[in-house]
Amino acid sequence: MNRPNTVQWQTAEGIVYLKPDDALDSSAPGFLDIIDQTLLPGRLERLKLSDPEEIFHAIKTLAVRGAPAIGCAAALGLAACAQRFHAATRSEFLSRLSGTAEYLESSRPTAVNLAWALNRCCTAVRRSEETDPAILLRRLLNEALEILAEDIDMCSAIGRNGLSLIRNGMGILTHCNAGALATGGCGTALAPIYAAKEAGLNIRVYSDETRPLLQGARLTAWELSYNGIDVTTICDSMAAQVMREGKVDLVIVGADRVAANGDAANKIGTYQLAITAKYHQIPFYVAIPYSTIDRSIPDGSHIPIEQRHESEITTFNGKRISPETIKVYNPAFDVTPAKLITGYITEKGVVSAI
Ligand code: MRU
């Protein structure tokens with residue numbers, strides 16, 4: 001496995017997630033060091049976080065976002081917090097670890113990777129027989145680093161596998177941002193696109209703007225153009241027309257949680273895109289690592305859908321655009337039924353059912 005020997009986070013800009021490898025468990029406390037995605041593409045600024053409230057806030061406000069990325073951030077963030085526990089005993093360390101993990105997990109409900117990564121870290125520490133809190137801390141950091149390393153490898157494998165679906169000259173539509181900014185590596189939905197570019201294929205990407213927080217217009221457009229890929233941003237409402245014009249040969253999206261029957265929760269607007277793709281007989285693929293599959297739930301109706309603040313809809317660029325008196329409904333995700341999904345691009349291969 002391609003395990004990084006320093007803690008790094010790969011983004012469209014290169015490696016910008018830096019911490020000395022041993023900073024998290026040495027006498028100099030480490031930090032979770034992330035790009036503040038709320039400021040992109042206008043400003044590229046970093047946030048250095050070290051306490052649970054800051055990390056919770058960064059996840060909640062989408063400073064770090066995307067299912068695999070919030071899993072990695074929570075795991076590494078938990079290690080940064082744990083360095084400041086100053087616990088005297090194993091039981092004190094474990095109790096503070098569980099409390100912090102539970103709190104971080106409550107920041108966003110839909111992406112299963114968040115709970116998965118935190119649970120994996122806590123289980124790894126609990127399974128260790130060690131009594132010395134310093135050794136437990138090292139165990140925690142190793143697990144968090146392992147999660148990041150696996151995520152990087154998983155993205156590359158999804159890219160290689162998804163490349164088999166792409167032909168020269170294709171138009172590919174994507175929704176939200178499931179790229180380098182949303183993962184530890186080069187992305188899920190965008191990984192095959194990067195692989196196609198590397199293979200010398202000419203492709204055009206259509207990036208839905210993704211109302212209300214504009215992850216497509218701000219983040220996907222930014223990282224693809226940064227990496228020299230032909231990208232055209234469209235409003236979400238234009239997808240059907242662009243498909244009818246014959247510009248789209250393939251749709252690839254990511255997911256935050258996939259139920260045992262293959263129903264997939266992803267950014268709001270994905271479901272209508274799948275219906276539209278079906279009508280136009282365009283293949284619709286969901287790119288996911290296996291860590292996004294939640295086999296504990298039989299179907300998508302059990303996936304918790306995050307409800308977000310009404311101001312995301314009633315304001316634009318900080319200015320109110322709606323009357324004060326209206327009601328607002330703002331679910332952040334929707335569920336695409338498995339029967340609308342042509343297949344899943346995973347790190348193990350492209351499959352028609354999971
Ligand atoms: O609210 P966000 O920006 O975190 O939503 C992200 C998505 O919907 C992504 O498509 C999904 O997490 C997959 S990221 C590889």
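Quick caveat, the model's predicted, so the values are computed rather than measured. When a ligand or atom number is given, it counts from 1 through the structure's own listing order.
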Gln215 heavy atoms, cut-off 4.0 Å: which ligand 1 atoms fall inside? 1 (O), 2 (P), 3 (O)

Within a distance under 4.0 Å of any heavy atom of Thr188, pick out the atoms of ligand 1 and give their elements. 15 (C)

Any idea which atoms of ligand 1 are less than 4.0 Å away from a heavy-atom of Asn266? 7 (C), 8 (O), 9 (C), 10 (O), 11 (C)

Suppose we measure from atom 3 (O) of ligand 1 to each protein heavy atom; which comes out shortest, and what is that distance? Arg65 NE, 2.5 Å

Quick one: which of Ala265, Gly66, Ala255 has a heavy atom closest to atom 13 (C) of ligand 1? Ala255

To check your reading of the model: name the closest protein heavy atom to atom 11 (C) of ligand 1, its residue, and the distance in Å. Asp256 OD1, 3.1 Å

Drop me the distance from Ile297's CD1 to Arg257's CZ, to the nearest 0.5 angstrom. 5.5 Å

Asp33 and Arg46 ion-paired at < 4.0 Å: yes

Heavy-atom side-chain proximity of Thr188 to Pro289 below 4.5 angstrom: yes

In ligand 1, the atoms that come under 4.0 Å of a heavy atom of Ala178 are 14 (S), 15 (C)

At under 4.0 Å between heavy atoms, what of Ile70 touches ligand 1? The answer is neither

Between Leu214 and Phe316, is there a side-chain heavy-atom distance shorter than 4.5 Å? yes

Would you mind running through ligand 1 and noting each atom that sits below 4.0 Å from a heavy atom of Ala182? 14 (S), 15 (C)

For residues Ile345 and Ile341: do they belong to one hydrophobic cluster (side chain heavy atoms under 4.5 Å, members Ile, Leu, Val, Met, Phe, Trp, Tyr)? no

Assign the ring pair Phe56 / Tyr103 to parallel, tilted or perpendicular, where the plane angle (0 to 90°) is split at 30° and 60°. parallel

Would the distance check show the side chain of Thr110 and the main-chain N or O of Glu306 forming a donor-acceptor pair, the cut-off being under 3.5 Å? yes

With a 4.0 Å cut-off on heavy atoms, is Ile288 in contact with ligand 1? no

May I ask you to list the atoms of ligand 1 that are less than 4.0 angstrom from any heavy atom of Pro68? 14 (S), 15 (C)

Do Arg160 and Glu198 sit within salt-bridge range, that is, some charged N less than 4.0 Å from a carboxylate O? no

Check Glu130 with Arg90, please: is the shortest side-chain N to carboxylate O separation under 4.0 Å? no

Name the closest protein heavy atom to atom 5 (O) of ligand 1, giving the residue it belongs to and the distance to 0.1 Å. Lys267 CE, 3.3 Å

Just go through Arg108, Glu306, Arg257 and tell me whose heavy atom is the nearest to atom 2 (P) of ligand 1. Arg108

Which bit of Ala67 gets closer than 4.0 Å to ligand 1, counting heavy atoms only: side chain, backbone, both or neither? both

How about Ile172 and Val251: do any of their side-chain heavy atoms sit closer than 4.5 Å? no

Heavy-atom contacts with Cys176 under 4.0 Å: which atoms of ligand 1 show up? List them by number with element. 3 (O), 5 (O), 6 (C), 7 (C), 8 (O)

